[in-house]
Amino acid sequence: MTTGMETDLFEEHRPVLMGVAYRMLGRVADAEDVVQDAWLRWSRADHDAVREPRAYLVRVTTRLAIDRLRQIKSRGEAYVGPWLPEPLVTDVAGTVADTAEQAVLADSVSLAVLVVLESLSPLERAVFVLREAFGYPYAEIAAMLERGEPAVRQLAGRARRHVEERRPRYEVDPAQRRDLTERFLAAAANGDLEGLMALLAPDVRLVGDSGGKAKAPLRILSTADKVGRFLVGAARKGIADPSFRVLELNGGPALLVLSGGRPDSVFQLDVADGRVQAVYIIRNPDKLTSLAAS
């Protein structure tokens, strides 16, 4: 049985464990389940034999996340329309003080990167997350995964190349992103097509995730004209009793749209060269439940 001290120790490391699990899975509920399973393992462990609790807990969480990811992939469930991660409330500036570390942390949990990570194998994803997001040495990752260090280095190199080849180009400057997010909201809410077009890059992409449970494009839209006209059309149709909040999700500013006080959709922008390069819209109600109290 765990003592109060051991419970406190687990809670101290819970944010890191949740960070690992979420980056591995891209799903808040699944990540919370994995962390809960890690707690059960911890509560039954021989604590006197655990020399480094943090390393032990990260190892257990990583292995549980790998198993959960393999289960998800083996089910091969068809998803209606484009898939985006479940949005996660973050506080990057409050987590680390160093601005360079903030940029790395924000990037590792961004929607753009998490989408790319979906195409990695579970082992590649685990190595990438532990190395790139949390800075673990290869030797420690090898011990966690019970693999040889040369094999882990090979997995890391392959995963890094894959991510760099496929990730969209964007900037993580929070002030610029927030400014463009607020201007984007004003133009879209007012149906100002000309104002929107001035914010959108010529080859901007709009990715909508509804899971077939709400209205959103079932294909990725490209070009400023198509994206701008879609957004203006959606704004004109409107929703009942709308309200808006700007908050930090996945390491950057995002727009939470509420209908009657309940989450209706999330908008987040990728920005580069002062223009919006990508618009992400999450409308699948199953992915918005965790934002109800945000």
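Here the structure is a predicted model, which means the values were calculated and not measured.
Using a 4.0 Å cut-off between a side-chain N of Lys or Arg and a carboxylate O of Asp or Glu, Glu118 and Arg125 qualify as a salt bridge. Between Asp209 and Arg283 there is no salt bridge, since no side-chain nitrogen of the basic residue lies less than 4.0 Å from a carboxylate oxygen of the acidic one. Between Arg161 and Glu165 there is no salt bridge, since no side-chain N of the basic residue sits under 4.0 Å from a carboxylate O of the acidic one. Ionic pairing of Asp67 and Arg63 is not present here: no N-O contact between side-chain nitrogen and carboxylate oxygen is shorter than 4.0 angstrom. Taking a cutoff of 4.0 Å between a charged side-chain nitrogen and a carboxylate oxygen, Asp107 and Arg167 qualify as a salt bridge. By the 4.0 Å N-to-carboxylate-O rule, Glu182 lies close enough to Arg178 to be salt-bridged with it.
Distance check, rounded to the nearest 0.5 Å: CG of Leu17 to CZ of Arg54 gives 8.5 Å. Separating the CG atom in Leu255 from the OG atom in Ser265 is a distance of 7.5 Å, to the nearest 0.5 Å. With rounding to the nearest 0.5 Å, the separation of CG in Leu57 from CD in Glu12 is 10.0 Å. Of the inter-residue distances, the one linking Leu130 atom CG with Arg23 atom CZ reads 10.5 Å to the nearest 0.5 angstrom. Here CD of Glu86 is found 11.0 Å from CG of Leu249. Values are rounded to the nearest 0.5 Å. Here the straight-line distance linking atom CZ of Arg68 with atom CD1 of Ile66 works out to 13.5 Å at 0.5 Å rounding.
When the side chains of ILVMFWY residues are joined at heavy-atom separations under 4.5 Å, either directly or via intervening members, Leu40 and Val58 end up in a single hydrophobic cluster. Neither Val80 nor Val266 shares a network with the other; the hydrophobic side chains, linked directly or stepwise wherever heavy atoms of I, L, V, M, F, W or Y lie under 4.5 Å apart, form separate groups for each. The hydrophobic clustering, which links ILVMFWY residues whose side-chain heavy atoms are closer than 4.5 Å, places Leu84 and Leu218 apart. Both Leu199 and Val246 are members of a single hydrophobic cluster when ILVMFWY side chains are connected at heavy-atom separations under 4.5 Å. Clustering ILVMFWY residues whenever any of their side-chain heavy atoms sit less than 4.5 angstrom apart, transitively, puts Ile239 in the very cluster that holds Leu185.
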Derivation of the side chain to side chain contact (heavy atoms under 4.5 Å, CB included) call for Thr61 and Met24: CA-CA 10 Å; Thr61 300; Met24 283 289 299; over 6 Å; no

Criterion side chain to side chain contact (heavy atoms under 4.5 Å, CB included) on Arg131 and Tyr138, from CA distance to verdict: CA-CA 7 Å; Arg131 179 66 182 172; Tyr138 289 115; 3.6 Å; yes

Derivation of the side chain to side chain contact (heavy atoms under 4.5 Å, CB included) call for Leu155 and Ile141: CA-CA 11 Å; Leu155 285 167; Ile141 298 173; over 6 Å; no

Trace of the side chain to side chain contact (heavy atoms under 4.5 Å, CB included) decision for Val60 with Leu64: CA-CA 6 Å; Val60 169; Leu64 289 169; 3.8 Å; yes

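Between Phe10 and Val35, the closest side-chain pair of non-hydrogen atoms falls below 4.5 Å. Side-chain contact between Phe134 and Val129 is present, with at least one heavy-atom pair separated by less than 4.5 Å. Contact check for Val127 versus Leu145: side-chain heavy atoms found under the 4.5 Å cut-off. Residues Lys287 and Val28 are not in side-chain contact: their nearest non-hydrogen atoms beyond the backbone lie 4.5 Å or more apart. Lys73 places a side-chain heavy atom less than 4.5 Å from the side chain of Pro122. Side-chain atoms of Glu248 and Val89, non-hydrogen and from C-beta on, never get closer than 4.5 Å to each other. Using a 4.5 Å heavy-atom cutoff, the side chains of Ile72 and Leu25 are in contact. Looking at Leu120 and Leu117, their side chains come closer than 4.5 Å, going by heavy atoms from C-beta outward.
For His162, the side chain to side chain donor-acceptor pair (under 3.5 Å) partners are Ser119, Arg166, not counting sequence neighbours.
When the options Val115, Leu111, Ile220 are evaluated for a side chain to side chain contact (heavy atoms under 4.5 Å, CB included) with Val207, the one that passes is Ile220.
Under the 30°/60° scheme for interplanar angles, the aromatic rings of Trp42 and Tyr56 are found to be tilted. Using the six-membered ring where Trp is involved, Phe184 and Phe267 have ring planes that are tilted, between 30° and 60° apart.
The heavy-atom pair separating Leu288 from Asp264 by the smallest distance is CD1-O, 3.4 Å. The heavy-atom pair separating Val204 from Ala278 by the smallest distance is CG2-N, 3.9 Å. For Leu180 against Gly274, the heavy-atom pair with the smallest separation is CD1-O, 3.8 Å. Scanning both residues, Val152 and Ala142, for their nearest heavy atoms gives CG2-CA, 3.6 Å. Residues Pro82 and Pro217 share a closest heavy-atom pair of CD-O, 3.9 Å. Among all heavy-atom pairs drawn from Ser290 and Pro87, the shortest one is OG-O, 4.0 Å.
Surrounding CZ of Arg205 are at most 12 heavy atoms belonging to other residues, nucleotides or ligands under 6.0 Å away. More than 12 heavy atoms of other residues, nucleotides or ligands sit less than 6.0 Å from atom CD of Glu11. For CZ of Arg70, the number of neighbouring non-hydrogen atoms (other residues, nucleotides, ligands) closer than 6.0 Å is greater than 12. No more than 12 heavy atoms of other residues, nucleotides or ligands lie within 6.0 Å of CD in Gln154, so this atom counts as exposed by the packing criterion.
For Asn190 (side chain) and Asp192 (main-chain N/O), no donor-acceptor pair under 3.5 Å exists by modelled atom type. At distances below 3.5 Å, at least one donor-acceptor pair connects side-chain atoms of Asp46 with backbone N or O atoms of Asp48. The closest donor-acceptor contact from the side chain of Gln268 to the backbone of Gly252 lies under 3.5 Å. Side-chain atoms of Ser110 come within 3.5 Å of backbone N or O of Val113 as a donor-acceptor pair. Using a distance-only test at 3.5 Å, with no hydrogens or angles considered, no donor-acceptor pair links the side chain of Thr181 to the main chain of Ala254.
In the model, Asn250 has a side-chain atom that pairs as donor or acceptor with a side-chain atom of Tyr22 under 3.5 Å.
A cation-pi geometry, defined here as NZ or CZ lying under 6.0 Å from the six-membered ring centre and within 45° of its normal, does not hold between Arg160 and Phe128.
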For residues 225-236, dump all side-chain donor-acceptor pairs below 3.5 Å to protein atoms at least two apart in sequence or in another chain.
{"unit_1": "Asp225", "atom_1": "OD1", "unit_2": "Arg229", "atom_2": "NE", "d": "2.9"}

